[in-house]
Amino acid sequence: MRLIYYKGLIAYDSELTSTERILYSFLLNKSVNNEAFDADGRYCEDTFDVFDEFDLPTFNQYDFAAKTKIVSQGSLSLAYRGLIDKGIIDVKRGIIKHNDIARKGYFVLCVESKLKGELLIFYSWLKNLSKGCPIVATMQRLGTMYNVSMNVIRDYLHRLSCKGLIERDNKGNLIIK
């Protein structure tokens with residue numbers, strides 16, 4: 001199953017959990033016509049300017065959890081409830097608000113990495129950022145771009161390194177596997 005993640009959620013300040021943000025991206029993607037983006041995941045103008053909200057898609061939580069293996073069905077139910085409580089989806093009206101998160105485009109979540117939560121999002125973001133080339137940015141720059149502190153970036157990089165998903169080359173550049 002190909003899952004996308006909207007880049008606008010990286011710096012999203014509504015205090016959504018990582019599971020809520022992944023689910024939000026999934027539901028919004030199912031609601032939006034895929035022609036709103038080009039092949040590289042860049043936003044095409046005018047698609048979201050007309051509507052503040054889209055029809056809420058139906059989906060099977062069990063199938064989603066089983067196919068992606070990135071979240072349990074219980075966590076998914078809590079995330080769905082959280083999106084309702086935070087006013088992002090309205091089940092009674094059958095809508096999902098886009099809150100302009102799609103303007104920055106999206107990237108594909110690397111589900112095959114077997115990572116979960118925020119580490120999955122961060123690794124997928126790094127992989128998208130690198131586009132197969134070494135990343136030259138410092139940890140501080142990565143923290144600024146990802147909107148977290150350098151300590152958090154250091155922790156994420158350490159955890160990814162321990163899992164063998166990243167390494168440094170002899171120049172100190174970050175190689176994403």
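Bear in mind that the values here come from a model prediction, so they are computed numbers and not experimental data. The analysis underlying the following values was restricted to heavy atoms, covering all of them including side chains, and did not include hydrogens, waters or symmetry mates.
- Taking both residues in full, the closest heavy atoms of Gly117 and Ser18 are given as CA-OG, 3.4 Å, listed atom of the first, atom of the second, then distance.
- Using a 4.5 Å cut-off on side-chain heavy atoms (C-beta onward), Leu165 and Ile176 make no contact.
- Leu78 and Val71 are assigned to two separate hydrophobic clusters, defined by single-linkage of ILVMFWY side chains at heavy-atom distances under 4.5 Å.
- Taken from CG in Leu76 to CD1 in Ile22, the straight-line distance is 10.0 Å, to the nearest 0.5 Å.
- In this structure the side chain of Ile135 never reaches within 4.5 angstrom of the side chain of Ile166, judged on heavy atoms.
- In the hydrophobic clustering of this structure, Ile175 does not group with Leu160; members are Ile, Leu, Val, Met, Phe, Trp, Tyr whose side-chain heavy atoms approach within less than 4.5 Å, directly or through other members.
- The side chain to side chain donor-acceptor pair (under 3.5 Å) search around Arg81 returns Asp85, not counting sequence neighbours.
- Between Leu142 atom CG and Leu129 atom CG the span is 7.0 Å, to the nearest 0.5 Å.
- Within the 4.5 Å cutoff, the side chain of Leu83 has heavy atoms near those of the Leu16 side chain.
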Requested in this report: List the steps, then state whether side-chain contact (heavy atoms from CB on, under 4.5 Å) holds for Lys127 with Val108.
Outcome: CA-CA 9 Å; Lys127 196 159 186 160; Val108 177; over 6 Å; no
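- When the shell of 6.0 Å around CD of Gln140 is examined, it contains 12 or fewer heavy atoms from other residues, nucleotides or ligands.
- Separation of atoms OG (Ser124) and CD1 (Ile4) is listed at 12.0 Å; rounding is to 0.5 Å.
- The aromatic rings of Tyr156 and Phe122 are tilted relative to each other, their planes meeting at an angle between 30° and 60°.
- Placement of Phe26 and Tyr62 in two distinct hydrophobic clusters is found when ILVMFWY residues are connected by side-chain heavy-atom separations under 4.5 Å, directly or transitively.
- Counting heavy atoms of neighbouring residues, nucleotides and ligands inside a 6.0 Å radius, atom CZ of Arg141 does not exceed 12 of them.
- Glu118 and Tyr146 are linked by a side-chain donor-acceptor pair at a separation below 3.5 angstrom, with hydrogens and angles left out of the test.
- A heavy-atom distance below 4.5 Å is found between the side chains of Lys7 and Asn128.
- Checking Ser161 against Glu167 by side-chain atom types alone, no donor-acceptor pair falls below 3.5 Å.
- Note that the CG atom of Leu119 and the OG atom of Ser113 stand 8.0 Å from one another [nearest 0.5 Å].
- Side-chain atoms of Thr19 do not come within 3.5 Å of backbone N or O of Ser75 as any donor-acceptor pair.
- Taking every heavy atom of both residues into account, Ala65 and Ser72 meet most closely at CB-C, 4.1 Å.
- Ile89 has its side chain within reach of Tyr80: a pair of non-hydrogen atoms, C-beta onward, lies under 4.5 Å apart.
- When all heavy atoms of Gly143 and Ile153 are compared, the pair lying nearest together is CA-CG1, 3.4 Å.
- Formation of a donor-acceptor pair under 3.5 Å by the Lys67 side chain with backbone atoms of Phe64 is not found in this model.
- Atom CE in Met145 sits 8.5 Å away from atom CG in Leu126 (nearest 0.5 Å).
- Between Tyr5 and Tyr106, the distance separating the two ring centers is not shorter than 6.0 angstrom.
- Val136 and Met150 sit in two unconnected hydrophobic clusters of ILVMFWY residues. Membership requires side-chain heavy atoms under 4.5 Å apart, directly or through other members.
- At least one side-chain heavy atom of Leu157 sits less than 4.5 Å from a side-chain heavy atom of Leu174.
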Query raised in the report: When you look at Asn173 and Arg168, which way does the side-chain contact (heavy atoms from CB on, under 4.5 Å) test go after all the steps?
Result: CA-CA 5 Å; Asn173 299 325; Arg168 295 272 182 192; 5.8 Å; no
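- When the shell of 6.0 Å around NZ of Lys177 is examined, it contains more than 12 heavy atoms from other residues, nucleotides or ligands.
- The structure places CG of Leu115 at 10.5 Å from CG of Leu109, a figure rounded to the nearest 0.5 Å.
- A salt bridge links Lys86 to Glu20: at least one charged side-chain nitrogen sits closer than 4.0 Å to a carboxylate oxygen.
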Query - Worked check of side-chain contact (heavy atoms from CB on, under 4.5 Å) between Leu3 and Ser25 - result: CA-CA 8 Å; Leu3 286 178; Ser25 286; over 6 Å; no
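- With a 4.5 Å cut-off on side-chain heavy atoms, Lys163 and Tyr123 do not count as touching.
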